[in-house]
Amino acid sequence: MAKEITNRTENYSQWYNDLVIKAGLADNSAVRGCMVIKPYGYAIWEKIQAALDKMFKDTGHSNAYFPLFIPKSFFSKEASHVEGFAKECAVVTHYRLKNDPNGKGIVVDEDAKLEEELIVRPTSETIIWNTYRGWIQSYRDLPLLINQWANVVRWEMRTRLFLRTTEFLWQEGHTAHATQEEALEETYKMVNVYADFAENFMAVPVIKGVKTANERFAGAIDTLCIEALMQDGKALQSGTSHFLGQNFAKAFDVKFTNKEGKPDYVWASSWGVSTRLMGALIMAHSDDNGLVLPPKLAPIQVVIVPIFHKEEQLTLISEKVLPLKKQLETRGISVQFDNRDNLKPGFKFAEHELKGIPVRIAIGPRDIESNTLEIARRDTLEKKTVSVDNIEDYIVTLLDDIQSNIFQKALKFREESTYKADTYEEFKQLLEKGGFIYAHWDGTPETETLIKDETKATIRCIPFDNPLEEGKCIRTGKPSTQRVLFARSY
RNA sequence: CGGGGUGUAGUACAGUUGGUAGUAUGCCUGGUUUGGGACCAGGAGGUCGUCGGUUCGAGUCCGGCCACCCCGACCA
């Protein structure tokens with residue numbers, strides 16, 4: 001195992017990359033821009049999936065699965081949607097290969113050209129709404145609350161592990177409603193679910209808000225989002241929930257008969273989070289020693305390291321550890337007993353820190369004698385010797401404490417990195433420090449684009465419950481009624 | 001896709017004026033070790049990113065391509 005990861009301050013991107021690879025989360029693959037998610041990384045994703053899936057089901061949604069391929073013609077049915085995705089679509093044109101008649105290798109069989117090309121889904125609104133047409137006739141068929149766990153492909157120019165890969169895993173919810181109010185309510189409900197998940201499971205504080213027209217999803221009336229702040233002062237859009245109006249219903253002719261017996265188009269929402277959340281998780285909490293995982297998403301919450309000289313000592317320790325492991329497991333804690341005999345404790349400590357295991361227990365001859373354990377917490381790196389008595393309660397409390405501590409730490413960082421700018425000069429200076437900046441904006445897409453071109457900062461969102469306040473746009477000096485949230489972003 | 005950099009053992013790197021590849025670490029075996037990344041001895045492991053060119057001879061020189069990293073444009 002490689003030992004060193006780059007310091008955060010030295011090179012933040014390199015640190016992130018080192019962390020992902022050395023902690024065994026993911027690797028680059030033989031395919032450009034596509035990653036291999038390794039078992040440890042995938043275990044974290046499975047925890048994320050499990051928690052979210054429960055939240056979706058608790059709010060009345062069901063899972064289904066739609067095809068990977070979408071007929072090309074579907075995309076042109078919703079004008080702004082095709083415009084948004086056209087430049088990043090992978091296209092299937094043939095269905096057969098053959099031996100190269102001119103020599104070595106294999107070539108595409110030109111005789112096997114598809115009548116209509118298939119698009120590898122970049123998102124599934126079109127295929128799903130085309131399907132919904134057949135599912136919805138009456139208001140009694142509504143609401144339709146469907147989620148799918150899937151992979152999607154977006155042919156991005158530049159990729160980074162988890163943060164932006166050509167293929168990524170996500171969930172996408174697609175709901176259909178009889179009224180605008182109901183669809184809007186759903187859109188807000190799901191962004192709140194995302195915020196709840198981010199803060200209570202990932203321990204990442206987020207700001208909920210609505211996107212400006214420039215940043216809106218292709219085909220949406222409104223896009224709601226959660227925005228998180230990373231340790232380098234850049235924002236990361238961590239989840240989006242779109243109010244689609246009747247756009248897709250009209251594009252795919254999905255009508256229903258309402259209570260009054262009159263035909264109407266169906267109202268829609270869609271919402272998604274992706275493996276990008278893994279990036280947020282990694283960047284929000286980790287340090288120069290490696291990952292720091294929130295206990296609620298850590299595949300292994302407690303690791304037990306025996307300290308021993310001879311095999312008999314290990315046997316003795318094991319007799320003590322195995323019941324302890326069971327006790328902890330009955331309290332719902334995942335425990336690993338690291339009894340490898342070819343590695344020294346110090347090596348194991350470093351490795352478990354790299355992997356971000358929240359709690360480490362060391363037990364050696366000294367502890368056996370005094371009926372104690374050495375407990376080390378990953379978030380603060382503090383070590384403490386405690387009595388074995390009531391250890392389960394102690395660990396349960398400690399895990400809760402770590403969960404809330406890393407959230408508080410991230411929240412404190414965000415608060416200390418959130419500023420107000422009243423002039424453009426001040427705004428530009430603050431951007432160099434990184435962080436969230438509240439500033440006045442005249443409300444036009446042109447000014448937003450201008451600011452983006454000049455400073456690389458974008459409006460992350462207009463936060464919900466944003467206080468109204470008279471002011472002047474930092475760029476144009478035109479009147480503004482509220483400050484909006486700016487940042488440089490991933 | 002543009003600018004810069006890199007590509008040699010699982011990993012990180014060295015390799016001189018072109019002469020047929022080495023160091024560390026990891027791995028395997030044996031022994032001594034084990035409370036913060038152990039040590040000794042022996043051993044295995046490389047079509048030098050790829051394709052082509054120059055040459056008696058290419059890791060080394062030239063060209064194409066590919067991949068990765070950093071900085072932009074694009075984006076969840």
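With RNA chain B read from its 5' end, the first of the two nearest nucleotides for A:Arg160 and A:Asp341 is the one closest to A:Asp341. Mapping A:Asn342 and A:Ser489 onto RNA chain B via the closest heavy atom, the residue that lands nearer the 5' end is A:Asn342.
Of the residues in residues 148-157 of chain A, those placing a heavy atom less than 4.0 Å from an atom of RNA chain B are A:Arg154, A:Glu156, A:Met157, in numerical order. Within residues 308-321 of chain A, the residues having any heavy atom closer than 4.0 Å to RNA chain B are, in order of number, A:Phe308, A:His309. Across residues 218-230 of chain A, not one residue has a non-hydrogen atom less than 4.0 Å from an atom of RNA chain B. A heavy atom closer than 4.0 Å to some atom of RNA chain B occurs in A:Asp367, A:Glu374, A:Lys383, these being the qualifying members of residues 367-383 of chain A. Contact check of residues 164-171 of chain A against RNA chain B (heavy atom, cut-off under 4.0 Å) returns A:Arg164, A:Thr165, A:Phe168.
Using the six-membered ring where Trp is involved, A:Phe56 and A:His61 have ring planes that are perpendicular, over 60° apart on the 30 and 60° scheme. Ring geometry for A:Tyr12 against A:Trp15 counts as tilted: the plane angle lies between 30° and 60°, on a 0 to 90° scale.
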Enumerate the protein-to-nucleotides 6-9 of chain B contacts in which both atoms are nitrogen or oxygen and the separation is below 3.5 Å.
none

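For A:Ala51, the side-chain contact (heavy atoms from CB on, under 4.5 Å) criterion is met by A:Phe197, A:Phe201, not counting sequence neighbours. Residues that satisfy the side-chain contact (heavy atoms from CB on, under 4.5 Å) test with A:Lys428, not counting sequence neighbours, are A:Tyr424, A:Glu425, A:Thr455. Applying the side-chain contact (heavy atoms from CB on, under 4.5 Å) rule to A:Ala220 yields the partners A:Arg216, A:Phe217, A:Thr223, A:His242, A:Leu244; only residues at least two apart in sequence or on another chain are considered. A:Gln14 pairs by the side-chain contact (heavy atoms from CB on, under 4.5 Å) definition with A:Thr6, A:Asn11, A:Asp18, not counting sequence neighbours. Partners of A:Asp401 according to the salt bridge (Lys or Arg N to Asp or Glu O under 4.0 Å) rule, which considers only residues two or more places apart in sequence or in another chain, are A:Arg377.
B:C71 and B:G59: their C1' atoms are spaced 30 Å apart (whole Å). B:A24 and B:G30 are spaced 23 Å apart, taking the P atom of each and rounding to whole Å. Between B:G7 and B:U50, the two P atoms lie 14 Å apart (nearest whole Å).
With A:Tyr490 as the aromatic partner, A:Lys234 meets the cation-pi criteria of under 6.0 angstrom to the ring centre and within 45 degrees of the ring axis.
For A:Arg360 and B:G36, a side-chain-to-base donor-acceptor distance below 3.5 Å is present, hydrogens and geometry of angles not being considered.
Listed nucleotides: B:U34, B:C69, B:G36. Nearest to the side chain of A:Pro345: B:U34. Checking B:U34, B:C69, B:G36 against every side-chain atom of A:Lys344, the shortest atom distance belongs to B:U34. When the nucleotides B:G35, B:C69, B:G37 are ranked by their closest atom to the side chain of A:Asn28, B:C69 comes out on top. In this structure, the nucleotide among B:U34, B:C74, B:G36 sitting nearest to the side chain of A:Glu88 is B:C74.
Although no hydrogens or angles enter the test, the distance criterion places a donor-acceptor pair under 3.5 Å between the side chain of A:Asn200 and the main chain of A:Asp196. Remark: side-chain polar atoms of A:Glu448 are not paired, donor with acceptor, to backbone N or O of A:Thr212 under 3.5 angstrom.
Checked against the 6.0 Å centroid criterion, the rings of A:His81 and A:Phe248 qualify as a close aromatic pair.
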So what is the 5' to 3' dot-bracket string for RNA chain B, if pairs are Watson-Crick or G-U wobble with both distances under 3.5 Å, crossing pairs use [ ] and | means the partner sits on another strand? (((((((..((((.....[..)))).((((((.....)))))).....(((((..]....))))))))))))....

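Listed pair A:Lys87 / B:C75 fails the phosphate criterion, with no side-chain N or O lying under 4.0 Å from OP1 or OP2.
A salt bridge links A:Arg378 to A:Asp287: one of the charged nitrogens lies within less than 4.0 Å of a carboxylate oxygen. Checked for salt-bridge contact, A:Glu353 and A:Arg360 meet the test: a charged N lies under 4.0 Å from a carboxylate O.
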